[in-house]
Each structure stands twice: as structure tokens, then as C-alpha cells.
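Have a look at the structure below before the remarks.
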Amino acid sequence: MSHGLTTPPRPTSSADGLNPAQRDAVITMRGPLLVLAGAGTGKTRVITMRMAELIRQGVPPERILSVTFTNKAAKEMQERTQAILGRRMKTRPAISTFHAYCVRVLRDEIEALGYPSQFVIYDRGDQESAARKALRDIKVPDAALRPGDLLSQISRWKTAGVAPDEASQFIDDDRGYLAAAGYRRYQASLRAAGSVDFDDLLMLTLRLFDEFPEVLERQQNRFEHVQIDEYQDTNELQFRIVAELVRPHRNLCVVGDDDQSIYGWRGAEIKHILGFQQQFPGAKVVRLQDNYRCTTQIIDVANKLVKCNRGRHEKTLIAHKSGSDVLFKPYPDEQAEAEGVVRDINYLVTQLNIPPADIAILFRTNEQPRIFETELRRLRVPYTLIGGQSFFDRREVRDILAYMKVLSNPQDEVSLLRIINVPTRGIGDAAMDKLLNEAVKSGRTIWSVAPELVATKTISAKTYGSVQRFHALLESWRPRFAEKGAMLVDLFRQFLKEIDYDSEIEKQYADQQQQVARKAVVEECLSAVKEYQSRSLRPSLGGFLEETALTGKDDSFGENPELERPAVKLMTLHSAKGLEFPRVYLVGLEEGILPHQRSIDGGTTEGIEEERRLAYVGATRARDFLTISWAQVRLKWGKMKPTIPSRFLAEMQPEE
DNA sequence: AAGGAGGGTTTTTTT
DNA sequence: AACCCTCCTT
């Protein structure tokens with residue numbers, strides 16, 4: 001049987017769902033291979049199988065690099081491989097996200113680029129603060145260019161490999177001019193703090209590869225095989241890193257589904273999966289179209305929907321089990337929608353004994369779950385909100401992480417700015433403004449310009465005293481945290497006591513219950529540190545921060561992983577990628593929400609097509625039951641506004 | 001400098 | 001409706 005474009009597979013008796021030719025290609029092939037795997041065709045299983053087979057054939061595990069999209073997926077793959085191979089695996093395959101892989105390379109090699117090896121990774125919140133500060137430093141008012149917009153422009157530039165100095169060549173209007181200036185300032189301040197953002201991790205790795213052949217060679221020699229999951233979501237930088245890595249042997253296996261590409265806004269380029277055969281001539285292509293997850297009814301609806309997209313590899317999923325019809329439910333308003341959905345769920349859980357964990361509510365934006373949460377709480381249905389901003393965006397968590405960052409890195413001005421007056425210690429906005437202006441102007445730290453400003457009476461002696469005291473406090477604690485074998489949790493608890501962080505909470509929240517809840521959040525942070533310390537070989541504040549930046553919510557915080565809790569799952573369509581549930585409620589199918597207003601306003605077909613793929617991803621998360629709902633009236637900024645049913649509804653049920 | 005009242009704005013998804 | 005910013009008072 002020939003390789004190349006294989007025909008849709010007939011289901012075979014083999015449990016892996018591959019026909020012999022595919023099996024052959026997937027498992028034994030070297031050289032470039034593209035596995036086009038539709039939703040629910042078991043692509044993770046295929047990639048794991050391949051890895052296990054390579055190891056069986058004698059490839060040392062550590063010579064295989066598997067790149068996944070999330071840390072959660074990495075962990076899962078690690079476990080599956082372990083389960084297949086058990087004791088035969090003496091070493092472990094390198095399984096990680098792109099970013100985690102880059103961090104490992106950079107920790108060893110980044111000094112060549114003039115960065116400290118102990119660089120700090122800025123998470124999304126830090127990036128926003130840094131962008132805000134950059135705009136402040138160059139005196140751009142918020143109205144002219146929002147920090148969020150600056151960030152996405154910076155990200156686009158970085159992904160395209162445009163350095164700060166070059167950015168002005170790529171602008172066509174005043175906003176672009178401001179953005180270019182903002183980019184220069186932003187990057188300079190990260191540089192000065194020895195910090196990197198997510199894009200830097202990729203960009204700097206690529207720069208190392210480009211400028212230091214011996215570094216590239218070391219990495220190339222490390223791996224004999226590279227495989228990438230969710231290939232449809234790779235951006236330009238990731239693509240180029242991979243291309244460099246596999247250049248000597250071309251043993252690259254990528255798995256993905258162009259119909260599930262939902263990160264275009266983050267720079268993901270469908271062209272990489274669509275053009276794989278041009279990029280890697282001679283590549284074999286295997287299509288997996290047998291869906292083992294959903295019912296015929298669900299697949300039918302999903303197929304109809306995604307067929308409306310133009311730029312895609314043609315394929316049609318084939319379902320293998322029948323179930324009940326997909327339900328389409330209009331509700332008078334959003335309140336009724338939440339009540340209706342939760343009433344259904346409550347019935348399933350209490351009357352039919354369906355495990356709550358079998359049920360998911362999926363939505364487009366993070367403002368949607370609120371009302372569902374309220375209903376779930378009212379009926380006492382256990383639920384968890386996945387992702388979103390729940391934990392990490394809480395003020396206390398951000399404060400605490402900022403303190404840790406400042407303690408582990410004196411240069412981190414962005415974090416310092418957040419906490420220098422939290423709790424209030426007499427360093428007000430006016431004084432900070434002057435300190436920062438002088439610091440920016442002379443390119444020094446606020447600590448070193450403070451004496452001059454007090455001498456010229458720019459700041460008051462009282463303020464100066466507070467600044468000095470705080471500086472001394474940080475300096476006295478820093479070495480204690482840096483000590484070898486320091487008990488991080490205990491130290492940090494003492495530290496919080498000394499700065500009297502509790503007083504901040506008490507001041508901020510009048511309500512007793514709120515205070516208790518917020519203090520519990522602080523405790524949660526501390527237990528995360530404790531947990532990290534007990535598991536880590538050489539624990540340090542920096543190590544903890546790196547982990548939280550990279551893995552975020554899944555691992556380092558929270559007792560048991562959110563996803564495994566016996567509760568109804570609430571999450572955005574983006575977070576639902578890669579998951580499946582017996583029962584799914586896809587809510588808010590309205591113009592302006594799905595497709596999102598911003599994509600509609602963008603006016604491009606690609607924008608709408610990505611929204612359509614998002615709906616497609618949502619629908620195909622459901623194994624057996626899918627309910628799609630929308631509200632006919634929705635509360636927007638305190639006002640009821642009639643809605644227009646999503647265009648996707650008509651596409652999913654064409655005869656109506 | 002700090003806290004509180006009043007007014008204006010709200011535009012997505014996340015490694 | 002909720003949040004953030006600004007201005008005002010202490």
C-alpha cells in the first residue's frame with residue numbers, strides 16, 4: 001500500500017483506529033510527517049503511540065522531543081508514555097511546551113546575549129503593567145494608545161522578528177508611531193530588569209540559534225526525533241525554531257487540525273499546517289477522519305458548520321455511534337438561559353445521578369460565566385471555573401508575586417511599582433511620579449535618584465524617609481531568601497507580617513467575611529510555595545516564579561487540579577481545546593458574542609472563520625449530548641438589548 | 001498622602 | 001453593573 005495522501009480509513013479491528021498503511025506511516029516513519037487529525041480522532045493517542053514505538057525500536061527516550069500546547073497536555077503525555085512503556089523507560093522523553101523548552105535552553109545559554117541566566121519571566125499581568133509603565137514613561141495618554149493594544153502590537157512585531165529599533169519602518173500612522181516608541185521603551189525596561197516576556201522566550205532562543213551556531217548544533221544534536229502536537233497553532237517563531245532543530249535529520253512529525261486553529265489572534269498561522277508539504281518536501285500526509293468521540297448527530301452539525309469555511313484541508317469526520325439530537329434552545333434573556341441550563345443540569349445530577357464532572361458549560365468570553373455561577377451556587381450544584389482570571393488576577397496574588405519578584409530581582413521596577421506603597425507606607429503617587437521621571441531621565445534606579453530629589457526639595461524629607469526605609473527593608477530580606485536551604489514559606493510568612501500585609505486587606509475590605517476570604521487567598525499562595533519547596537530539588541524564589549509564570553493555574557496553585565474535581569466545568573471555548581465531555585452546553589450563540597463583535601468589526605473573512613472554528617471546537621467537545629442556546633435579549637452595560645441569533649445557528653441547521 | 005465621593009467608560013480569546 | 005479615574009476633603 002502506498003503512502004502519501006491516504007483515503008479515508010475504514011475502521012479496522014485495531015484499537016488505535018488506524019488502517020495498516022497509516023499505522024505503518026505513523027509508527028515507523030522517519031522524515032517529515034503530517035498527521036491531519038480531525039476532532040476526536042485520538043491524535044494524542046497517535047502521537048503517544050509513535051513515541052512509545054520509537055523507544056521500543058531503541059531510540060533513547062531523551063533523544064525525542066515532544067512539544068505540546070499546554071503543560072497539562074505535556075503531563076498527560078508523559079503519563080501515557082510511562083503507562084505504555086513502564087519500566088523499560090530508564091530516562092524520560094523531553095515533553096514540554098515550546099515556552100518551557102525555550103526556558104531550558106535559555107537558562108544555559110542566554111548569557112551569550114547579554115542577559116542574566118536568572119532572568120525573570122513576565123506573565124500576562126506583568127506585561128500589562130510594563131506596557132502601562134512604558135506608555136507613562138514616554139508620556140502617552142491612555143486614550144491615545146491602550147496598554148493592551150500596545151502589547152498586541154509588540155507581540156506582532158516580536159513574532160515577525162522586528163526589533164524595537166526597526167519597528168518605526170513598519171508603521172503607517174500616528175498610533176503606529178506611538179506603538180513603536182512604546183515598544184522601544186517597553187523592551188528597554190524589560191532589558192534593564194533582566195526580564196523576558198513570553199514572546200522573548202521564543203525570540204531569544206531563535207536569536208541564539210541564528211547567532212551562535214554552536215548553540216544550535218548542541219540542540220540539534222540533542223534530539224533525533226521531534227514531534228509537535230496542535231501544529232495548527234504554531235506561530236512564525238515556533239515554526240522557525242522547529243525548522244532549525246530538525247534541519248539535520250528532518251525527523252519531524254506534526255499533528256494537528258486546521259479546523260481547530262483558534263489562536264490566529266496570537267500569531268498562530270494556519271499556513272504552517274496548510275503548507276507543510278511545501279516547507280518539508282517529501283512529507284507524508286496521513287488523515288485521520290474517524291471520530292471516536294461524538295455521536296453522528298453531533299458530528300453532522302459540526303461538519304455542516306465547518307464546511308462554511310474556505311481556507312481548509314478538505315475533510316469530513318465520520319462518526320461511529322448514534323445518539324440523541326442536538327438541542328437548539330432560545331431563551332427570552334440571559335437570566336432565563338442561565339436558569340434553564342442550570343435547571344437541566346441540576347435535574348441530571350440529582351434525578352439521573354449523572355456525575356457533575358460529565359457536564360461542561362462552554363462560552364466565548366470571560367464575562368459570560370458569572371450568571372451561570374450564581375445559578376449553580378443557588379441550586380448547590382458543584383462547579384469549577386477553569387482558567388479565566390479567577391486566581392491569578394486577584395489583587396492579593398498579584399501583590400504577593402510582585403513582592404517575590406522584587407525580592408528575587410532588585411532590578412524589577414515594574415513589580416516594585418506595584419507594591420512600593422502596598423500597604424500604604426507614605427510613598428504617594430506624586431512622589432513616585434517624580435522619582436520615576438528622574439530615574440527614566442538619568443537611566444538610574446529610583447533608589448539612587450531619591451537623595452538628589454530630596455536635596456532639591458522635589459520630594460519631601462518625610463517621603464524620602466519612607467523610601468529609604470522600604471529600600472533598607474528589601475535589602476535586609478533579600479539575602480535571607482537567597483540563602484541556601486532557606487525555608488521559603490516561613491520566611492515569606494514572616495516577611496508579610498513585617499510589612500503588615502494583613503492591614504492592607506483589612507483596609508481594602510470592610511466586610512469581615514471578605515477579609516477572611518482574602519486572607520485565605522494569601523494562605524493559598526503560601527501553601528503553593530510550600531508545595532513547590534517540598535517537591536523541588538533546589539528551591540528558590542526565582543524557581544517558584546518561573547514555574548508559576550509558565551504553568552500558571554494548572555499545577556502550582558490549588559490542591560487538586562481543577563479539571564479533576566467532581567464538578568460541572570465552566571470554561572471558555574479556548575480553554576476547552578483538547579478536552580471532551582459527555583454533555584456539553586454551548587451558550588450565548590449570538591451575533592456579537594460568537595462570532596465576537598470584534599471579529600465582526602474586523603471585517604475580514606478570516607476573523608469570522610476563526611470564530612466559526614471556535615464554535616466547531618465547542619460542538620466537538622461533546623461526546624453524547626450537545627445543547628446549544630442563546631438569549632433573545634441580553635443585558636449590556638446595565639441595559640437590556642435585543643440580540644441577533646448567531647449566523648452559525650443557521651449554518652448548523654440549514655433546512656430551517 | 002490618604003481616603004472617599006462622583007463621574008465616565010465599558011471592545012475576546014492565553015502559552 | 002462594575003470598574004477605573006479624577007477631584008475633593010482631611
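So that the names make sense, note that chain A is the first sequence line, chain B the second, and so on, each numbered from 1.
Residue Glu610(A) contributes atom CD, which lies 12 Å from atom C1' of dT14(B) at whole-angstrom precision. Taking atom CD1 of Ile420(A) as the reference point, atom P of dA1(B) lies 12 Å away to the nearest angstrom. Across the protein-nucleic acid pair, Phe198(A) atom CZ and dT14(B) atom P stand 13 Å apart, rounded to whole Å. Computed from coordinates, the Glu546(A) CD to dT15(B) P distance equals 16 Å when rounded to whole Å. Between Glu547(A) atom CD and dT15(B) atom P there is a gap of 15 Å when expressed in whole angstrom units. Whole-Å rounding puts the Ile262(A) CD1 to dT14(B) C1' distance at 10 Å. Distance CD (Glu230(A)) to P (dT15(B)): 12 Å, rounded to an integer number of Å. To the nearest angstrom, C1' of dT14(B) lies 12 Å from CD of Gln238(A).
No donor-acceptor distance shorter than 3.5 angstrom exists from the side chain of Glu79(A) to the backbone of Glu76(A), with no hydrogens or angles considered.
Between Arg312(A) and Asp259(A) there is a salt bridge, since a side-chain N of the basic residue sits under 4.0 Å from a carboxylate O of the acidic one. Between Asp149(A) and Arg132(A) there is no salt bridge, since no side-chain N of the basic residue sits under 4.0 Å from a carboxylate O of the acidic one. Salt-bridge formation is detected for the pair Glu375(A)/Arg378(A): a Lys NZ or Arg NE/NH1/NH2 atom is positioned less than 4.0 Å from an Asp or Glu carboxylate oxygen.
Looking only at side-chain heavy atoms (C-beta outward), Leu245(A) and Phe209(A) come within less than 4.5 Å of each other. Within the 4.5 Å cutoff, the side chain of Gln597(A) has no heavy atoms near those of the Ser599(A) side chain.
Of the C1' atoms belonging to dT13(B) and dC4(C), the separation is 23 Å, rounded to the nearest Å.
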Review item, nucleotides 2-7 of chain B N/O atoms under 3.5 Å of protein N/O:
residue	atom	partner	partner atom	Å
dA2(B)	OP1	Gly426(A)	N	2.9
dA2(B)	OP2	Asn421(A)	ND2	2.9

Taking only N/O atoms, report every protein-nucleotides 9-11 of chain B pair under 3.5 Å with atom names and distance.
residue	atom	partner	partner atom	Å
dT10(B)	OP1	Arg146(A)	NH1	3.2
dT10(B)	O2	Trp637(A)	NE1	3.4

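Between the CZ atom in Arg613(A) and the OG1 atom in Thr620(A) there is a gap of 13.0 Å [rounded to 0.5 Å]. With rounding to the nearest 0.5 Å, the separation of CD1 in Ile47(A) from CD in Gln227(A) is 4.5 Å.
With its ring centre under 5.5 Å from that of the base six-membered ring and a plane angle below 30°, Trp265(A) counts as stacked on dT13(B).
No contact: Phe98(A) has no heavy atom under 4.0 Å from any strand. Among the heavy atoms of the strands lying under 4.0 Å from Ala430(A) are primed sugar atoms or P, OP1, OP2 only; no base atom is included.
Side-chain nitrogen and oxygen atoms of Asn366(A) include at least one within less than 4.0 Å of the OP1 or OP2 phosphate oxygen of dT13(B). Using a 4.0 Å cut-off, some side-chain N or O of Thr572(A) falls inside it from OP1 or OP2 of dT14(B). For Thr463(A) and dA1(B), the shortest distance from a side-chain N or O to OP1 or OP2 is below 4.0 Å.
Remark: Arg107(A) is positioned above the aromatic ring of Phe119(A), its terminal NZ or CZ atom under 6.0 angstrom from the ring centre and at most 45 degrees off the axis. Judged by the 6.0 Å distance and 45° axis criteria, Arg266(A) is positioned over the aromatic ring of Tyr263(A).
Mapping Leu614(A) and Met432(A) onto DNA chain B via the closest heavy atom, the residue that lands nearer the 5' end is Met432(A).
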